[in-house]
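Report on the structure given below.
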Amino acid sequence: MRKAYIWQQRTLCEKFWQQRLALTGELRQLKSRWRAQRATLKRDIAALRRWRELLRQLAFYGCRQDLAQIAMLERLLNADDRREVVSG
């Protein structure tokens, strides 16, 4: 369990704190999956979209957006869109 400094205080109510913990937990799972199965996950459009959405949602809970990860996911999703247009 992580300890907080004495002068740190929660700024979210319990409900939002639990939602933020759930989001960060799901993000942790996706990052772990990315490390283990990068080639497979690059083609999993639903997982990439969910990952992007989770990163965007964290901003509403007081977290900084990880703009580098969002940009990476946008590139992967846009590359897939271009492949569909060329093959379609």
Side-chain angles (χ1 to χ4, degrees):
M1 182 165 179
R2 292 172 50 186
K3 294 184 179 180
Y5 293 106
I6 284 180
W7 59 86
Q8 286 181 329
Q9 293 182 353
R10 253 190 226 170
T11 57
L12 299 173
C13 69
E14 185 64 29
K15 177 183 171 185
F16 287 133
W17 181 255
Q18 293 300 325
Q19 289 173 352
R20 178 178 164 177
L21 287 177
L23 284 174
T24 55
E26 192 173 347
L27 278 170
R28 229 183 343 267
Q29 289 174 346
L30 282 166
K31 288 178 185 180
S32 175
R33 186 175 164 203
W34 176 259
R35 285 190 297 274
Q37 307 168 349
R38 183 173 296 178
T40 305
L41 194 57
K42 281 184 178 180
R43 293 186 302 272
D44 188 346
I45 301 305
L48 294 175
R49 286 184 179 145
R50 177 67 181 152
W51 191 356
R52 180 183 59 184
E53 181 60 30
L54 290 171
L55 288 170
R56 288 180 177 167
Q57 285 179 12
L58 272 181
F60 297 112
Y61 295 96
C63 295
R64 274 186 32 226
Q65 281 192 332
D66 189 340
L67 298 176
Q69 271 193 351
I70 292 172
M72 176 198 70
L73 294 167
E74 291 289 342
R75 281 193 307 274
L76 290 171
L77 290 167
N78 288 336
D80 186 67
D81 289 343
R82 285 192 298 271
R83 270 187 254 127
E84 286 181 6
V85 169
V86 170
S87 65

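Sequence positions, counted from 1, serve as the residue numbers for this chain. Everything quoted here is computed from the prediction, not taken from an experiment.
- Annotation: the span from Leu21 atom CG to Arg28 atom CZ amounts to 8.5 Å, rounded to 0.5 Å.
- Here the shortest heavy-atom pairing between Leu55 and Gln65 reads O-CG, 4.2 Å.
- Under the side-chain hydrogen bond (donor to acceptor under 3.5 Å, both in side chains) test applied with Asp44, the options Gln37, Arg33, Arg49 reduce to a single match, Arg33.
- Using a 4.5 Å heavy-atom threshold, the side chains of Lys42 and Trp34 count as touching.
- Expressed to the nearest 0.5 Å, how far OG1 of Thr24 lies from CG of Leu54 amounts to 10.0 Å.
- Atoms CZ and CD1, from Arg52 and Ile70 in turn, are 9.0 Å apart once rounded to the nearest 0.5 Å.
- Under the 4.5 Å side-chain criterion, counting only non-hydrogen atoms from C-beta, Leu41 is in contact with Trp51.
- Atom CG of residue Leu30 and atom CZ of residue Arg35 lie 11.0 Å apart, to the nearest 0.5 angstrom.
- Residue Phe16 forms a side-chain contact (heavy atoms from CB on, under 4.5 Å) with just one option from Gln18, Glu14, Gln19, and that option is Gln19.
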